[in-house]
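Okay, so here's the structure we're looking at.
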Number of protein chains: 2
Amino acid sequence: MKGQLRNKRTVTSYDVARLAGVSQSAVSRVFSPDASVSDAMTRRVREAADQLGYRPNRLAQAMITGRSRIVALVVAHFENQFFSEAFERLALELQARNYHVLTFMAADVAGKTDQVIEELLDYRVEGLITASVGLSNELTRAINDADIPIVMFNRSQDHPDLSGVSSDNVTGGRAVADYLLQSGCRRIAHIAGWHGASTQRDREAGFLAGLAAAGHTLFAREVGDFHHDQAESATRRMFATATRPDAVFVANDHMAFAVMDVLRHDLGLRVPEDVSVIGYDDVPMARWKSYNLTTVRQPVRRMVSATVDLLLDRIAAPDAEAQRLVFEGQVVERGTVRRPD
Amino acid sequence: MKGQLRNKRTVTSYDVARLAGVSQSAVSRVFSPDASVSDAMTRRVREAADQLGYRPNRLAQAMITGRSRIVALVVAHFENQFFSEAFERLALELQARNYHVLTFMAADVAGKTDQVIEELLDYRVEGLITASVGLSNELTRAINDADIPIVMFNRSQDHPDLSGVSSDNVTGGRAVADYLLQSGCRRIAHIAGWHGASTQRDREAGFLAGLAAAGHTLFAREVGDFHHDQAESATRRMFATATRPDAVFVANDHMAFAVMDVLRHDLGLRVPEDVSVIGYDDVPMARWKSYNLTTVRQPVRRMVSATVDLLLDRIAAPDAEAQRLVFEGQVVERGTVRRPD
DNA sequence: TTGAAAGCGCTAACAC
DNA sequence: GTGTTAGCGCTTTCAA
């Protein structure tokens with residue numbers, strides 16, 4: 001009774017061959033893109049295959065060709081809509097190219113990423129995409145040793161020898177400073193993300209440079225580490241002083257929403273009348289009317305497409321050199337920064 | 001010059017065996033959980049393996065054991081935070097159990113899911129989780145034929161013979177009706193999601209039943225199909241009439257945010273003073289102060305854990321029968337429904 | 001164009 | 001406890 005439906009053997013190319021009365025290699029050829037098979041053969045084999053419900057085993061294919069058609073994605077979390085959107089696009093584009101994404105979560109904890117990379121190598125993935133996670137130096141070497149193409153999404157400069165796609169965060173940060181200054185803001189503060197992220201460092205560097213170029217300095221600074229809750233407390237700390245900032249550049253949209261909520265609902269401040277807020281990323285939610293957040297756009301779709309192109313190109317030609325693609329971001333004017341007087 | 005770094009052959013168990021001066025199967029045993037190897041052997045092999053940087057090839061393992069340690073996830077999109085959160089938890093839990101998630105995007109388009117399932121079968125995944133996507137009958141059969149365990153996350157009743165994890169959407173919908181009525185709302189409307197979803201049907205059925213039980217009927221109804229933008233237009237349509245609803249039950253939080261934005265910012269209505277809003281899911285954003293949305297909680301973490309348990313159990317014991325787990329949801333009182341007079 | 005044979009890297013009997 | 005052997009399901013020479 002019990003084991004009756006067990007051991008339902010998968011149908012192999014041999015089964016198809018037998019039914020079609022041809023050799024097993026003929027079957028294989030029919031299912032290979034650049035075959036060399038007669039129409040008659042194709043017909044016979046396809047018919048038998050359909051009848052049996054046969055489909056080639058990708059694992060077995062991978063064994064011999066070395067091509068698993070799997071790409072690994074290493075990511076820390078999806079709390080930030082920027083990542084969930086990027087992930088969706090990524091999976092979609094890869095799928096359209098007949099690849100699929102195997103996801104590995106890696107908290108930004110020492111050693112965690114390393115362990116995860118080991119694991120992912122075991123699957124013989126053809127390529128690796130990291131989304132905003134840091135790579136140790138040993139790890140970078142390990143990946144190079146394994147000879148697996150990698151592209152870092154939304155990270156720059158950590159390893160100039162690795163391929164990467166990002167937007168120009170320095171210029172973006174600078175644009176924020178210019179925009180705020182030009183809007184008449186003077187007590188300008190910054191709520192930073194995680195300092196380990198190149199995005200954070202670049203945005204802030206550009207921002208500070210912009211301020212300096214106009215003869216200004218930062219009025220206040222707190223760290224929100226890119227998390228909603230930490231951004232909330234950072235805001236409360238920042239606004240607990242006698243004279244308050246009149247503008248705050250928040251290192252990403254995800255935190256900016258938290259900042260605005262504290263400002264409006266805890267502190268009873270008006271945005272932008274009392275304080276201007278500007279974010280970074282332009283996630284879909286930024287245009288929702290409750291926030292209507294002025295921010296710097298990162299062109300996610302184009303960045304994702306570029307990531308996929310880069311990775312697949314390197315898979316096809318592994319000896320090509322690393323490339324770093326940088327997209328322009330630009331300020332998207334909405335309603336959270338006051339108009340110039 | 002060029003091909004110099006190509007053909008970096010991967011190190012195999014044979015290489016390790018040679019270096020350690022033992023048989024290849026000894027190497028295999030050392031890396032098998034329930035081995036039967038002497039400590040001396042373990043030491044020798046591990047040393048050689050470390051030296052060579054050897055790790056077993058999961059694809060090869062999968063070939064012979066039939067266990068790929070890959071689980072497929074079929075999902076439509078990540079626009080709704082409920083799914084990105086669920087996905088993150090899922091990937092994390094599976095990873096902790098030494099499995100990984102291969103993602104397949106399947107728009108709710110006729111035939112799309114079917115094609116995707118075919119593809120995923122090719123990878124010889126050990127199990128399949130569908131998140132809010134519908135399965136055709138042929139597909140269900142195909143999956144059963146392939147003998148691969150499946151559990152449907154956040155879907156019920158589509159196929160009573162398939163395992164599934166959901167929350168009790170009928171009771172949840174009914175609780176919404178009770179809560180609204182008890183709060184003094186009388187012109188109660190509904191903004192529905194996609195009618196193809198069991199969640200939608202259940203929530204609405206329970207809701208309507210609750211209304212009816214108290215001798216009330218639905219005041220208005222529009223369809224938002226679970227999308228932000230469609231929920232916006234649905235709201236505008238709904239409130240274009242002379243006498244307006246005084247409460248609206250929105251089929252999920254994701255749409256509820258859009259509804260609230262239109263109400264407040266386009267229509268100049270106050271929530272909850274002019275109209276009460278209640279959602280469903282209790283996504284993290286629901287507690288953000290801009291919305292502070294009253295909603296029905298779906299216990300995502302527990303639902304995800306249950307999904308993983310169910311799937312892994314069925315992988316371990318494929319003959320076990322399908323199970324449907326249903327969690328209780330409950331109304332989370334926040335600020336978008338008016339207090340009783 | 002087609003078939004025979006080898007082998008990808010590994011696990012699982014089976015002997016010893 | 002350890003080595004030998006036979007495959008898992010496929011692609012890819014190599015001959016015919």
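Chain A is the first sequence line, chain B the second, and so forth, proteins listed ahead of strands; every chain is numbered from 1.
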Could you please spell out the steps behind the side-chain contact (heavy atoms from CB on, under 4.5 Å) verdict for B:F153 and B:V304?
CA-CA 8 Å; B:F153 178 80; B:V304 169; 4.0 Å; yes
Salt-bridged, [X] to [Y], with N to O below 4.0 Å?
X      : Y      : answer
A:R97  : A:D309 : yes
B:D34  : B:R29  : no
B:E126 : B:R67  : yes

Rounded interatomic separation in angstrom, taking [atom1] from [X] and [atom2] from [N]:
X     : N      : atom1 : atom2 : value
B:N57 : C:dG9  : CG    : C1'   : 6 Å
B:I64 : D:dA6  : CD1   : C1'   : 10 Å
B:R43 : D:dT2  : CZ    : P     : 11 Å
A:R67 : D:dC10 : CZ    : C1'   : 16 Å
B:L59 : C:dT11 : CG    : P     : 12 Å
B:D34 : C:dA12 : CG    : C1'   : 12 Å
A:R44 : C:dG3  : CZ    : P     : 8 Å
A:R18 : D:dC10 : CZ    : C1'   : 15 Å

Distance, nearest 0.5 Å, that separates OH of B:Y123 from CG of B:L59
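Rounded to the nearest 0.5 Å, the OH-CG separation comes to 10.5 Å.
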Test item: side-chain donor near acceptor, A:E47 and A:Q51, under 3.5 Å
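There is no such pair between these side chains.
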For B:F83 and B:H77, take the angle between the two ring planes, folded into 0 to 90°, and tell me which bin it lands in: parallel under 30, tilted 30 to 60, perpendicular over 60.
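Perpendicular.
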Per [X] side chain, nearest of listed nucleotides [options]:
X     : options              : result
A:V22 : C:dG9, C:dG3, D:dG3  : C:dG3
B:A26 : D:dG7, D:dG3, D:dT2  : D:dG3
B:A60 : C:dG9, D:dC10, C:dG3 : C:dG9
B:M63 : D:dG9, D:dT5, D:dG3  : D:dG9

Kindly say if [X] contacts the phosphate of [N], meaning a side-chain N or O under 4.0 Å from OP1 or OP2.
X     : N      : answer
A:T65 : D:dT12 : no
A:Q61 : D:dT11 : yes
B:S25 : C:dA12 : no
A:S36 : C:dT1  : yes
B:S28 : C:dT11 : yes
A:S23 : C:dT2  : no

When you match B:D39 and A:Y14 each to their closest nucleotide on DNA chain D, which lands nearer the 5' end?
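By nearest-heavy-atom nucleotide position, the 5'-most residue is B:D39.
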Hey, which of these two, A:Y54 or A:R29, hits DNA chain D nearer its 5' end, going by closest nucleotide?
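Counting from the 5' end, the first nearest nucleotide belongs to A:Y54.
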Mind listing the closest non-hydrogen atom pair of B:L162 and B:M152 along with its distance?
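So the two residues come closest at CD2-SD, 4.0 Å.
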End axis versus end axis in the helix from C:dT1-D:dA16 to C:dC16-D:dG1, the angle rounded to 10°, five pairs used at each terminus:
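The two end axes of the helix from C:dT1-D:dA16 to C:dC16-D:dG1 meet at 30°.
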Which sits closer to the 5' end of DNA chain C, A:S38 or A:Q24, going by the nucleotide each is nearest to?
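Whichever sits nearer the 5' end wins; that is A:S38.
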